[in-house]
Amino acid sequence: MNMTQQKQFSDRITRIQAGGANTCATVYCGAQSINTPKDQAVEGVLVRGQAPAPSTITKSHLMRAGLRSGLAQVSVLGGLLAAYIRYVGV
């Protein structure tokens with residue numbers, strides 16, 4: 001490295017250590033509505049390597065919800081079909 005490059009490199013290292021502009025190690029995409037202080041995590045940001053929070057919904061809950069939804073759809077469609085046959089005819 002020549003002297004100019006060494007000077008630029010040392011200036012850049014100093015700026016990074018001071019936390020100056022364009023030295024943030026975390027990339028955030030999208031609009032940020034709050035100003036987050038240095039060295040604090042932004043709420044709602046996922047960090048790679050962390051496991052997601054365990055879900056409290058179990059397979060049995062999902063099966064029951066699906067059964068209820070299916071029965072409701074069948075009953076509504078059956079009612080509409082009965083009304084159609086009664087007023088319009090076959």
Which pairs of donor and acceptor atoms, one on a side chain in residues 65-75, lie under 3.5 Å apart (sequence neighbours left out)?
| residue | atom | partner | partner atom | Å |
| --- | --- | --- | --- | --- |
| Ser69 | OG | Gln73 | NE2 | 3.4 |
| Ser75 | OG | Leu71 | O | 3.2 |
| Ser75 | OG | Ala72 | O | 2.9 |

To the nearest 0.5 Å, atom OG1 of Thr58 lies from atom CZ of Arg64 at 7.0 Å

Specify the closest pair of heavy atoms between His61 and Ile57, including all atoms of both residues, with the distance to one decimal.
CB-CG2, 4.2 Å

Contacts under 3.5 angstrom, residues 76-90 side chains, donor-acceptor by atom type, not counting sequence neighbours:
none

